[in-house]
Number of protein chains: 2
Amino acid sequence: MKRKITLKQIAKELDVSVSTVSKALSNSKEISEDTTQKIQAFAKLYNYKPNNIALSLKNRKTKTIGILIPEIVHHFFSTVIRGIERVANRRGYNVIVGLSNESFTKEIINMEMLANGSIDGFILSISKETLLKQDYHHFNATINQGMPIVMFDRVVDEVDCDKVIVDDFNGAVKAVKKLIGNGCKHIALITTLDYVSVGKLRTQGYLEALQSNGIEADSNLILKIDDSLDVENNLDVLEAEIAQFFKSNPNIHGVFAVNELYAVSAMKVARKLGLKIPDDVQVIGFTDGVLSKHATPSLTTVSQHGQKIGEQSANLLIDRLEAEDTQPEQYFTNNEQKRDFIKLVIETEIIERESTK
Amino acid sequence: MKRKITLKQIAKELDVSVSTVSKALSNSKEISEDTTQKIQAFAKLYNYKPNNIALSLKNRKTKTIGILIPEIVHHFFSTVIRGIERVANRRGYNVIVGLSNESFTKEIINMEMLANGSIDGFILSISKETLLKQDYHHFNATINQGMPIVMFDRVVDEVDCDKVIVDDFNGAVKAVKKLIGNGCKHIALITTLDYVSVGKLRTQGYLEALQSNGIEADSNLILKIDDSLDVENNLDVLEAEIAQFFKSNPNIHGVFAVNELYAVSAMKVARKLGLKIPDDVQVIGFTDGVLSKHATPSLTTVSQHGQKIGEQSANLLIDRLEAEDTQPEQYFTNNEQKRDFIKLVIETEIIERESTK
DNA sequence: ATATTTTACGAAAACGTTTTCGTGTTGACA
DNA sequence: TGTCAACACGAAAACGTTTTCGTAAAATAT
């Protein structure tokens with residue numbers, strides 16, 4: 001039950017100075033071969049490892065990046081984390097996770113907790129409440145203190161930083177065009193209320209696809225679900241709403257849903273109403289998660305490549321962190337030389353399964 | 001783009017000493033009211049927040065706990081993380097996440113990376129490869145360096161530490177008894193190979209339930225799946241295996257599967273073979289995740305209460321960390337006084353859905 | 001033998017805190 | 001007027017590193 005050994009203890013034990021130990025361990029040629037060997041052997045014996053905290057303090061960088069997401073029990077977000085962790089680890093960084101739980105206040109608290117030296121930069125996705133409030137001062141404050149942020153998926157123009165987003169618009173267009181190509185005439189959209197940017201974009205994609213194929217959008221075929229309540233635990237409400245929707249629109253041939261859950265629920269309801277999938281109605285969802293793969297019938301979806309998003313975000317952040325190292329600080333206050341902020345768009349891909357022909 | 005302000009800068013600006021600033025900010029009555037006010041106002045204006053790293057170094061504790069899990073894209077593990085994060089945050093701790101990806105080596109690397117001062121203690125679940133190798137020296141080494149560990153779910157007797165586990169055995173017993181009670185005569189078990197402790201325990205529970213009801217176990221009714229290959233991406237292999245199993249055992253009335261995926265796959269296969277669920281065959285799975293809830297028919301499962309596991313683990317760890325603070329160090333080297341290691345068993349619960357009568 | 005260059009190491013500062021201890025100034029009291 | 005406590009503050013150490021600079025002793029050159 002002995003604490004980890006420190007330089008000072010080694011120095012004392014071997015009757016040399018702390019500086020000598022430090023140099024010997026980094027193979028400085030200032031130190032004689034004899035002494036170096038002796039010190040390294042001793043250090044190895046006692047399994048010396050430099051204390052990270054001390055290093056962080058000295059170097060004024062922690063080699064850890066903070067992730068702040070709305071929710072972790074969510075396939076998309078966990079794949080993103082996995083992606084971040086992959087490249088972070090490869091590049092020598094650790095990952096510290098905060099959950100906003102979709103709450104504005106928790107988002108702020110978490111950021112303040114981490115911004116005080118614990119991390120070198122943020123990768124985050126904005127909480128719903130923050131998007132509703134449209135209050136982004138905490139992001140800008142953090143950035144102004146010299147801490148870089150990379151936003152992914154749920155991003156916002158009001159904050160100047162690197163961003164990695166899914167091509168929600170084109171993803172939706174592709175999906176709806178596929179339904180049209182498969183012969184669907186009346187195509188329904190199941191979406192959320194508009195304030196979450198991604199929902200909005202997917203809705204726009206749906207409209208665009210219809211229009212470019214000369215189909216007039218029918219507002220009766222658009223079902224907007226209020227997801228401010230916890231849908232996961234109110235499945236019956238969701239299903240009842242969808243059932244009602246199907247009943248008042250018996251002519252639906254295709255359904256495009258902006259997430260997995262809506263899509264799977266739609267399939268479930270449709271089948272209960274005696275409709276065959278994909279014969280009577282075809283369904284495409286967004287977000288390629290566990291549900292899509294294992295539903296019966298399995299669901300054709302628009303894949304967002306969460307892991308890739310995570311990897312790119314991490315690379316963007318670390319690139320910027322390490323650029324700060326080499327470049328003299330002035331370059332960053334000098335607008336001419338400043339590296340511009342990057343917006344990476346990750347293309348979607350349609351994964352065809354049993355719910356479409 | 002100005003860096004965060006420090007005590008030293010405040011001191012310089014107000015022409016007092018660093019110690020005065022520090023004391024004023026903590027409302028020490030050593031400092032006059034005038035000076036205190038002046039300093040606090042200035043600090044507030046510049047949004048001073050003490051640097052966490054410096055505090056960690058000084059206090060020799062980081063107020064962060066390290067989580068090390070095999071995989072994050074997994075409903076059970078993410079609910080556990082959510083639980084940990086909840087209580088950690090409430091009690092003033094941060095959470096740093098490492099993923100072993102089921103690999104022995106990555107587990108070790110991650111532990112070494114974090115054990116050097118970055119965290120105060122670990123909460124972890126052992127990787128499959130480590131369980132296979134049965135090499136637990138890295139855990140014991142960490143503990144010997146004075147860093148407490150709490151293990152959850154996949155635990156092992158060879159390591160002396162607090163543990164939080166699911167009552168896998170009784171969960172399985174309950175599930176199988178339910179099938180028996182529902183009139184099932186021939187009950188199949190779909191399980192993994194034995195080296196993952198939880199799989200083993202669930203298998204034992206199955207056998208126990210049969211025996212205590214006077215039913216003789218039939219080895220033909222036990223299907224062991226080799227999950228060393230990536231099942232998620234080899235669904236067809238899994239389904240083919242299960243299909244073969246059903247065909248050679250046409251008399252199966254009930255199925256108990258040790259995880260969600262196997263259960264859902266079993267339902268899928270059964271239905272393709274023309275069997276009605278739950279009329280012809282009833283199914284119960286383990287692990288109450290998204291799949292169970294949204295499958296059609298929805299799956300009756302044994303819930304593990306992942307979030308609760310996380311919460312209890314975090315409480316156990318933090319309790320121990322803070323006990324170290326108050327208790328003189330000697331108490332811990334003194335065996336008489338040492339708090340014993342705790343093994344918490346979280347009871348399972350059967351969530352009834354459509355796959356059983 | 002003297003001058004000069006290596007060689008091999010130690011002292012000290014710095015990162016940003018908190019805390020212990022010391023000390024000069026003030027005011028009260030005898 | 002002298003003594004002493006209270007007050008208000010500063011200096012310094014400590015946490016564990018790395019790195020710059022200084023300097024004896026040894027080696028080499030003249």
Side-chain angles (χ1 to χ4, degrees), chain A residues 2-40 43 46-64 115-120 145-147 325 329, chain B residues 2-40 43 46-64 115-120 145-147 325 329:
Chain A
K2 55 207 163 187
R3 283 215 155 276
K4 298 218 60 160
I5 198 170
T6 70
L7 284 190
K8 196 191 278 193
Q9 293 169 40
I10 299 185
K12 193 173 176 187
E13 215 62 41
L14 295 184
D15 210 40
V16 292
S17 78
V18 175
S19 11
T20 304
V21 179
S22 173
K23 287 171 189 165
L25 290 178
S26 57
N27 281 314
S28 159
K29 52 185 151 54
E30 260 183 69
I31 306 300
S32 75
E33 222 168 293
D34 269 10
T35 323
T36 302
Q37 292 233 336
K38 190 176 57 178
I39 293 179
Q40 292 195 350
Y46 283 90
N47 190 30
Y48 170 80
K49 296 275 166 54
N51 180 303
N52 267 330
I53 295 290
L55 284 179
S56 297
L57 183 59
K58 178 126 202 28
N59 303 332
R60 294 147 119 240
K61 72 180 63 147
T62 61
K63 288 275 184 175
T64 63
N116 298 316
S118 303
I119 60 169
D120 295 338
Q145 288 187 351
M147 175 154 304
D325 281 354
E329 188 77 26
Chain B
K2 55 207 162 186
R3 282 215 154 277
K4 298 219 61 162
I5 198 171
T6 70
L7 284 189
K8 197 192 278 193
Q9 293 170 41
I10 299 185
K12 194 174 174 186
E13 214 64 40
L14 296 184
D15 211 40
V16 292
S17 78
V18 175
S19 10
T20 304
V21 178
S22 173
K23 289 171 188 165
L25 290 177
S26 56
N27 283 314
S28 159
K29 51 184 152 50
E30 260 182 69
I31 306 299
S32 75
E33 221 168 295
D34 269 10
T35 324
T36 302
Q37 292 234 336
K38 192 175 58 176
I39 292 178
Q40 292 196 349
Y46 283 89
N47 190 32
Y48 170 80
K49 296 276 166 54
N51 179 306
N52 267 333
I53 296 291
L55 284 179
S56 297
L57 184 58
K58 178 127 201 27
N59 302 331
R60 290 143 125 246
K61 73 181 63 149
T62 60
K63 289 271 184 181
T64 64
N116 298 316
S118 303
I119 61 168
D120 295 339
Q145 288 186 351
M147 174 155 305
D325 282 355
E329 187 78 25

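This one's a predicted model, so the numbers in the text were calculated from it and none came from an experiment. Each chain gets a letter, A, B and so on, in the order the sequences are listed, and its residues count up from 1.
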Rounding to a whole Å, what distance do you find between N27(B):CG and dA8(D):P?
14 Å
Which of dA11(D), dT17(D), dT17(C) is nearest the side chain of N51(A)? It is dT17(D)
Is the shortest side-chain N/O distance from R60(A) to OP1 or OP2 of dG16(C) below 4.0 Å?
yes
Presence of donor-acceptor pair under 3.5 Å, side chain of K23(B) and base of dT20(C):
yes
Report the C-alpha separation of N52(A) and K63(A) in whole Å, then their side-chain angles, then the decisive distance to 0.1 Å, and conclude whether the side-chain contact (heavy atoms from CB on, under 4.5 Å) test is met.
CA-CA 9 Å; N52(A) 267 330; K63(A) 288 275 184 175; over 6 Å; no
According to a strict under-4.0 Å criterion, is K8(B) in side-chain N/O contact with OP1 or OP2 of dC15(C)?
yes
Is the backbone of K61(B) close enough, under 3.5 Å, to the side chain of N59(B) for a donor and an acceptor to pair up by distance?
no
Taking CG from N52(B) and P from dC15(C), how many angstroms apart are they, rounded to a whole number?
18 Å
In whole angstrom, give the distance that lies between atom CD of E33(B) and atom P of dC7(D).
13 Å
Counting only distance, no hydrogens or angles, is the base of dA11(C) paired donor-acceptor with the side chain of S19(A) under 3.5 Å?
yes
Just by distance, do the side chain of T62(B) and the backbone of G117(B) share a donor-acceptor pair under 3.5 Å?
no
Does any donor atom in the side chain of N116(B) or K4(A) lie under 3.5 Å from an acceptor atom in the other side chain?
yes
Taking the nucleotide of DNA chain D with the closest heavy atom to each, which residue, L57(B) or E30(B), is nearer the 5' end?
E30(B)
Measure the distance from NZ on K38(B) to C1' on dC9(D) and round it to the nearest whole Å.
12 Å
Tell me whether the side-chain N/O atoms of S22(A) come closer than 4.0 Å to OP1 or OP2 in dT17(D).
no
Is there a side-chain polar atom (N or O) of T6(A) under 4.0 Å from OP1 or OP2 of dC15(D)?
no
Establish whether the base of dG16(D) is bridged to the side chain of K4(A) by a donor-acceptor pair shorter than 3.5 Å.
no
From CD1 of I53(B) over to C1' of dT18(C), roughly how many Å is that when rounded to an integer?
16 Å
Would the distance check show the side chain of T36(A) and the main-chain N or O of S32(A) forming a donor-acceptor pair, the cut-off being under 3.5 Å?
yes
Whole-Å distance separating the CG atom of N116(B) from the P atom of dC15(D):
18 Å
Rounded to the Å, how far apart are I39(A) CD1 and dT18(D) C1'?
15 Å
Determine: side-chain N/O of K58(A) to OP1/OP2 of dA13(C), distance under 4.0 Å, yes or no.
no
Output the rounded distance in Å from NZ (K61(A)) to P (dT17(D)).
18 Å
Quick one: which of dC9(C), dC15(C), dT18(C) gets closest to the side chain of L7(B)?
dT18(C)
Does a side-chain N or O from T35(B) land closer than 4.0 Å to OP1 or OP2 of dC9(D), or not?
yes
